[in-house]
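Read through the structure below, which is laid out as structure tokens, and then see the notes.
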Number of protein chains: 2
Amino acid sequence: MDTKSQIIEVATSLFQQKGFKGVGLNEILKTCNISKGSFYHHFPNGKEEALIACLKAISEKVTTDIEYFFNTYPTTEEATQAMIDKLIEFEREGTIAGSTFISIISDMGSLSDTVRNVCIDIYKKMRVIYSNKLEAEGFSKEDARSIAVTMMATFEGAIMLCLTLKSSDPLKTISYVLPTLFKKAE
Amino acid sequence: MDTKSQIIEVATSLFQQKGFKGVGLNEILKTCNISKGSFYHHFPNGKEEALIACLKAISEKVTTDIEYFFNTYPTTEEATQAMIDKLIEFEREGTIAGSTFISIISDMGSLSDTVRNVCIDIYKKMRVIYSNKLEAEGFSKEDARSIAVTMMATFEGAIMLCLTLKSSDPLKTISYVLPTLFKKAE
DNA sequence: GTCTATATCTAGATAGAC
DNA sequence: GTCTATCTAGATATAGAC
């Protein structure tokens, strides 16, 4: 693999585990076995430029992953269930941090517009996937959007709780409760 | 106010805004208008010792605040609604970060046992308040606990989304959707 | 495109005067 | 209990050889 891709891959993983400020440049370089000169050749504007590249990579990946589940399973409830099962598996493997993007930037104080825009983009893409399926299941456009946003908040919050508690219990719990949101009221 | 209390107050606010690693000691000192000597007199073990004190202060505060809402309003739905209204007000004022504790420690990489235990304590206290009310409304012990955990995840996630998007929309949305969880199925 | 060497700054922490 | 001065290690970033 070329160096730039390797940097992005390694940095993404580290940022997800420790946050942007929590990861030193040297740690990235050491893991990649490269030097500062090489890093700054690919990212002349330094660490934040690498962060943007990482967030874009995450955006691609989470969109693809979520779309896979929502294309494979016929209902929101089943797709969600399968997603949570996968997340619980990640928790067991110690790679659950790779499934959240907010924790990366929560230590940045104030976000630059560039970084925030990438985050807004990820947020939108996820919401649209959830929302479309819910609309297809008969919810109004407004309700579908609201449930989609709530799903995202619950997922992000549950992942953060799992990371803090070192346990997959929060994910197991929400998988039991979340389907309540997908039942159409009569 | 005595210096130690002032440090805790200032540091708590800064940690909530920028995360543990996101806040430099110098920033705390400058905001308090004190020197390193004074800081290390009160917290000989440094920044992490201050963090523990902050987390304990947060634990007191959030417990008191949530209990107020859950004692004042007769139902979970009304208490939750009032809480979210308050959070939306905080968002407008730019102080919404003060309502989350997970974002503080999400950039710490690996948590020390001391820090994690304080977090588990906060998590438990919040869950118990929610859970008790839900039980009183007729939910089983297990269901009440599950809904309580889901509420916490959704709140934390929504606050993180608000911080990232610089908008109170996620909170407004969940206030519309969350009541679905409190309706007893027949 | 990658290296070594270095510059500059700031982090957290300590020592000792008052 | 608070100050100033200082230490050391780490951070990000740069310069120039190969």
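Remember, it's a predicted structure, so these values are computed and weren't measured experimentally. Within every chain, numbering begins at 1; the chains are lettered A, B, ... in the order of the sequence lines, protein sequences first and strands thereafter.
When the P atom of D/dA13 is taken as reference, atom CD1 of A/I28 falls 11 Å away, rounded to whole Å. Atoms CZ (A/F43) and P (C/dT2) sit 12 Å apart, rounded to a whole Å.
Residues A/V128 and A/K125 fail the side-chain proximity criterion, which asks for heavy atoms closer than 4.5 Å.
At the phosphate of C/dT2, OP1 or OP2 sits under 4.0 Å from a side-chain N or O atom of A/T3.
Considering only residues two or more places apart in sequence or on other chains, B/K21 meets the salt bridge (charged side-chain N to carboxylate O under 4.0 Å, His left out) condition with none of them. A/K47 pairs by the salt bridge (charged side-chain N to carboxylate O under 4.0 Å, His left out) definition with nothing, not counting sequence neighbours. With sequence neighbours left out, B/K86 forms a salt bridge (charged side-chain N to carboxylate O under 4.0 Å, His left out) with B/E89. Residues meeting the ring-ring contact (aromatic ring centres under 6.0 Å, His included) test with A/Y130, sequence neighbours left out: A/F70. The salt bridge (charged side-chain N to carboxylate O under 4.0 Å, His left out) check on A/D85 picks up nothing, with sequence neighbours excluded. In this structure, the side chain to side chain contact (heavy atoms under 4.5 Å, CB included) partners of A/E78, at least two apart in sequence or on a different chain, are A/Y73, A/P74, A/T75.
Helix bend of the helix from C/dG1-D/dC18 to C/dC18-D/dG1: the angle between its two end axes, each built from five pairs, comes to 0° after rounding to 10°.
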Contacts under 3.5 Å, N or O only, protein and nucleotides 8-11 of chain C:
residue	atom	partner	partner atom	Å
C/dA11	OP2	B/N26	ND2	2.5

Run the side-chain donor-acceptor check on residues 139-146 of chain B: report pairs under 3.5 Å with partners two or more places apart or on a different chain.
residue	atom	partner	partner atom	Å
B/S140	OG	B/D143	N	3.1
B/D143	OD1	A/Y176	OH	2.8
B/S146	OG	B/E142	O	3.1

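Sorted by first and then second residue, the pairs that involve residues 12-66 of chain B and meet ring pair (Phe, Tyr, Trp, His ring centres under 6.0 Å), not counting sequence neighbours, are B/F15-B/F20, B/F39-B/F43. Among pairs with a residue in residues 85-120 of chain B, none fulfils ring pair (Phe, Tyr, Trp, His ring centres under 6.0 Å), at least two apart in sequence or across chains.
Taking a 4.0 Å limit (strictly below) on heavy-atom distances, residues 29-41 of chain B reaches DNA chain C at B/K36, B/Y40.
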